[in-house]
Number of protein chains: 2
Amino acid sequence: MSQKAPDKLRFAAMAVDVVLFAVVDGKLSVLLGEVNRPPYYTNIEAFIGGLIFANETAEMALERHIRSKAELKKAYTEQLYTFSEIERDPRNRVISISYLGLVRPDALKQELCEGLRWCEVKKLPKLAYDHDEMFKVAISRLKGKISYTNIAQYLLPKEFTLSELQAVYELILGKEVDKRNFRKKIIALDMVVETGEMQQGVKNRPAALYRFTSEKLTELPLLI
Amino acid sequence: MSQKAPDKLRFAAMAVDVVLFAVVDGKLSVLLGEVNRPPYYTNIEAFIGGLIFANETAEMALERHIRSKAELKKAYTEQLYTFSEIERDPRNRVISISYLGLVRPDALKQELCEGLRWCEVKKLPKLAYDHDEMFKVAISRLKGKISYTNIAQYLLPKEFTLSELQAVYELILGKEVDKRNFRKKIIALDMVVETGEMQQGVKNRPAALYRFTSEKLTELPLLI
DNA sequence: GCAAAAGTGTTAGGTATACACCCATGC
DNA sequence: GCATGGGTGTATACCTAACACTTTTGC
């Protein structure tokens with residue numbers, strides 16, 4: 001079993017922070033929590049996260065914090081970047097390993113804990129610590145990966161219509177795409193496949209339901 | 001000034017490790033250092049790196065370790081991934097922030113410190129700690145980025161021939177590319193520009209010298 | 001003049017883009 | 001029957017990939 005290194009080499013606490021994205025009311029949103037740490041940070045928000053304990057890896061701490069703060073069990077997460085600026089938290093030296101997380105709409109039904117809210121990314125306020133920069137890294141990673149992977153699935157229910165899938169692409173890329181060309185490409189790449197089921201209880205022509213052919217993150221030749 | 005967090009939250013020492021790539025004798029190589037930490041690691045190598053000190057960011061520690069071990073001042077570096085497995089170093093709990101580094105051939109002239117060597121990527125031995133996995137992350141990042149950025153410049157001298165540039169692409173992608181098509185694309189994208197100078201003292205037709213149009217890492221529409 | 005690497009265009013096939021109308025359902 | 005979103009095909013421009021010979025230099 002590992003021992004502690006000498007005290008003077010253990011100068012920092014370790015934390016994880018996660019930029020959790022979800023589509024809420026048709027808008028790309030991130031989960032924010034209130035921060036109240038006078039005198040440095042009051043009346044300000046930040047991404048959720050918290051310290052890593054001695055018996056945990058970063059991933060274990062990440063899962064613990066996501067579950068405890070938001071009761072979101074099965075979010076997709078991937079590591080983003082580690083922030084180590086000396087004064088990034090003026091109270092203590094804290095090094096933070098940040099993560100990108102994606103939450104499916106099914107998981108949004110649960111109540112959020114006090115002090116948490118989904119905030120549309122277009123209306124993000126100034127955030128505490130270095131979380132403004134963290135957001136930039138996260139949104140840039142998400143924009144990049146949606147174009148050459150099937151990562152969009154983690155923002156959708158397991159079964160979805162092609163219009164819903166297209167809407168996710170348009171939200172993240174921030175531009176409209178042509179419906180016919182989008183469908184041709186998505187299907188030609190075998191990224192999704194029809195389930196055979198149809199939408200129920202809509203007041204217009206019901207759409208065919210699709211699912212992703214792979215539940216794992218997969219790289220594709222090229223996308224959009 | 002930041003204070004130390006409570007002792008029980010400071011369970012880990014922080015380290016940086018860097019997978020330094022260079023083209024040595026026409027082969028894609030990485031810099032390895034001997035590891036001798038009985039009883040766990042003897043007669044084994046690993047990437048270079050070392051601890052972060054209390055007054056340093058990860059980037060400062062990275063620069064210090066690169067300079068002291070290899071006297072390579074101006075390597076290009078970017079953060080890769082942070083490894084936090086509890087037993088990754090069986091002696092102490094150490095969390096390591098890994099970096100990808102690229103070294104230009106000009107910088108290779110300097111003597112390496114005792115115990116260091118450039119090892120061809122195709123002949124990599126089994127490495128200490130989790131550095132086998134670290135290598136996979138690094139080579140995968142490098143392969144990805146060479147296709148849509150001008151990152152190849154950091155493995156070349158400031159002035160180079162198009163054949164040398166092509167060789168870097170072939171080494172990293174692990175496949176041959178067509179000379180005419182390669183030149184057309186590179187030039188059409190304005191990635192490089194002729195210096196007006198020619199190669200000197202070669203025993204065949206001298207090639208035109210080129211330089212990159214941007215010294216910064218730049219994303220390009222698409223490449224190869 | 002010979003060896004060695006530099007340099008240069010064309011064609012065919014495939015991919016990306018732009019674009020407009022009919023269809024199925026609920027009310 | 002009307003409002004709503006679902007679903008489909010074609011023509012063009014562009015880009016990609018395949019391919020071989022001439023040129024310049026040192027020896």
Side-chain angles (χ1 to χ4, degrees), chain A residues 23 25-27 105 143 146-149 152 156-157 159-171 173-211 219-224, chain B residues 23 25-27 105 146-148 152 156-157 159-171 173-211 219-224:
Chain A
V23 179
D25 297 331
K27 299 179 176 104
K143 277 189 185 177
I146 203 172
S147 294
Y148 69 95
T149 73
L156 284 167
E159 304 200 345
F160 51 87
T161 70
L162 291 186
S163 293
E164 290 166 347
L165 178 59
Q166 182 177 342
V168 168
Y169 274 84
E170 292 179 339
L171 279 173
L173 294 174
K175 65 176 185 195
E176 299 197 344
V177 305
D178 180 82
K179 180 162 65 163
R180 279 167 292 189
N181 294 337
F182 179 78
R183 288 167 184 232
K184 262 182 287 182
K185 203 173 320 189
I186 292 289
I187 289 164
L189 289 170
D190 287 326
M191 192 164 91
V192 299
V193 65
E194 282 196 70
T195 65
E197 309 281 303
M198 301 291 274
Q199 240 181 352
Q200 301 284 334
V202 282
K203 68 181 199 309
N204 46 29
R205 175 173 172 178
L209 293 176
Y210 286 74
R211 59 178 171 73
E219 300 209 358
L220 300 160
L222 187 67
L223 216 44
I224 291 193
Chain B
V23 178
D25 298 331
K27 298 176 176 108
I146 202 172
S147 295
Y148 69 97
L156 284 167
E159 303 200 344
F160 53 86
T161 70
L162 291 186
S163 294
E164 289 166 347
L165 178 61
Q166 184 178 338
V168 168
Y169 274 84
E170 292 178 338
L171 280 172
L173 295 174
K175 66 177 183 193
E176 299 196 344
V177 305
D178 180 82
K179 180 162 65 161
R180 280 167 291 191
N181 293 337
F182 178 78
R183 287 168 185 233
K184 263 180 288 183
K185 203 174 317 191
I186 293 288
I187 290 166
L189 289 169
D190 288 324
M191 192 164 89
V192 298
V193 64
E194 282 195 71
T195 65
E197 309 281 303
M198 301 291 275
Q199 240 181 351
Q200 301 284 334
V202 283
K203 68 182 199 306
N204 46 32
R205 175 172 173 179
L209 293 176
Y210 286 75
R211 60 179 171 74
E219 299 208 1
L220 300 160
L222 186 66
L223 217 42
I224 289 193

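The sequence lines fix the lettering, A, B, ..., with proteins before strands; numbering per chain opens at 1.
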Student: Quick one: closest heavy-atom pair of B/Leu165 and B/Met191, and the distance?
Tutor: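 Looking at all heavy atoms of both residues, the shortest contact is CD2-CE, 4.4 Å.
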Student: For the side chain of A/Lys185, counting heavy atoms from C-beta on, which of C/dA24, C/dT8, C/dA16 is nearest?
Tutor: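 When the side chain of A/Lys185 is considered, C/dA16 is the closest of C/dA24, C/dT8, C/dA16.
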Student: With 3.5 Å as the limit, what N/O pairs link the protein to nucleotides 9-11 of chain D?
Tutor:
{"from": "D/dT10", "atom 1": "O4", "to": "A/Lys184", "atom 2": "NZ", "distance (Å)": "2.8"}

Student: D/dG7, OP1 or OP2 - any side-chain N/O from A/Arg183 closer than 4.0 Å?
Tutor: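 So the side-chain polar atoms of A/Arg183 do come within 4.0 Å of the phosphate oxygens OP1 or OP2 of D/dG7, strictly under.
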Student: Distance check, rounded to the nearest 0.5 Å: B/Leu209 atom CG versus B/Glu164 atom CD?
Tutor: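 CD of B/Glu164 is found 7.5 Å from CG of B/Leu209.
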Student: Please answer whether the main-chain N or O of A/Arg211 pairs with a side-chain N or O of A/Thr195 as donor and acceptor at a distance below 3.5 Å.
Tutor: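 Such a contact is absent between A/Thr195 side chain and A/Arg211 backbone.
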Student: Counting distance alone, no hydrogens or angles: does the base of D/dG5 have a donor or acceptor under 3.5 Å from a partner atom on the side chain of A/Lys203?
Tutor: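 Answer no: no donor N or O sits under 3.5 Å from an acceptor.
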Student: Nearest 0.5 angstrom please: B/Ile187 CD1 to B/Tyr210 OH, how far?
Tutor: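 The OH atom of B/Tyr210 is 4.0 Å from CD1 of B/Ile187, to the nearest 0.5 Å.
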Student: Whole angstrom is fine here: how far is it from CD in B/Gln166 over to P in C/dA5?
Tutor: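 Rounding to the nearest Å, CD of B/Gln166 and P of C/dA5 are 13 Å apart.
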Student: Taking B/Arg183 as the fixed residue, which of B/Arg180, B/Lys179, B/Lys185 is the one that meets the side chain to side chain contact (heavy atoms under 4.5 Å, CB included) rule?
Tutor: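 The side chain to side chain contact (heavy atoms under 4.5 Å, CB included) with B/Arg183 is passed solely by B/Lys179 among B/Arg180, B/Lys179, B/Lys185.
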Student: Atom CD1 of B/Ile187 to atom P of D/dC15: distance rounded to whole Å?
Tutor: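 It is 16 Å, rounded to the nearest whole Å.
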Student: Indicate whether OP1 or OP2 belonging to D/dG5 is found under 4.0 Å from a side-chain N or O atom of A/Ser163.
Tutor: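 Negative; the distance criterion is not met.
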Student: Return the value, rounded to whole Å, for the distance between atom CD of B/Glu176 and atom P of D/dA18.
Tutor: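 Rounding to the nearest Å, CD of B/Glu176 and P of D/dA18 are 13 Å apart.
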Student: How long is the span from the CG atom in A/Leu171 to the CD atom in A/Gln166, to the nearest 0.5 Å?
Tutor: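 Rounded to the nearest 0.5 Å, the CG-CD separation comes out at 11.0 Å.
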Student: Expressed as a whole number of angstroms, how long is the span from B/Leu189:CG to D/dC15:C1'?
Tutor: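 Nearest whole value for this atom pair: 12 Å.
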Student: Rounded to whole Å, please give me the gap between CG in B/Leu165 and P in C/dA5.
Tutor: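 Rounded to the whole Å, the gap is 18 Å.
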Student: Roughly, in whole Å, what's the span from CG in A/Leu162 to C1' in D/dT8?
Tutor: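 Going from A/Leu162 (CG) to D/dT8 (C1'), I get 12 Å.
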Student: On DNA chain C, nearest-nucleotide positions of B/Met198 versus A/Arg205: which is more 5'?
Tutor: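 The residue mapped nearer the 5' terminus is B/Met198.
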Student: Whole Å only: how far is the CD atom of A/Gln200 from the C1' atom of C/dA24?
Tutor: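 Answer to the nearest Å: 14 Å.
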Student: Can you check the A/Leu209 CG to D/dG7 P distance for me, whole Å?
Tutor: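 It works out to 9 Å between those atoms.
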Student: Donor-acceptor pair, A/Gln199 side chain versus A/Ala207 backbone, under 3.5 Å?
Tutor: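 Checking the backbone N and O of A/Ala207 against the side chain of A/Gln199, a donor-acceptor pair under 3.5 Å is found.
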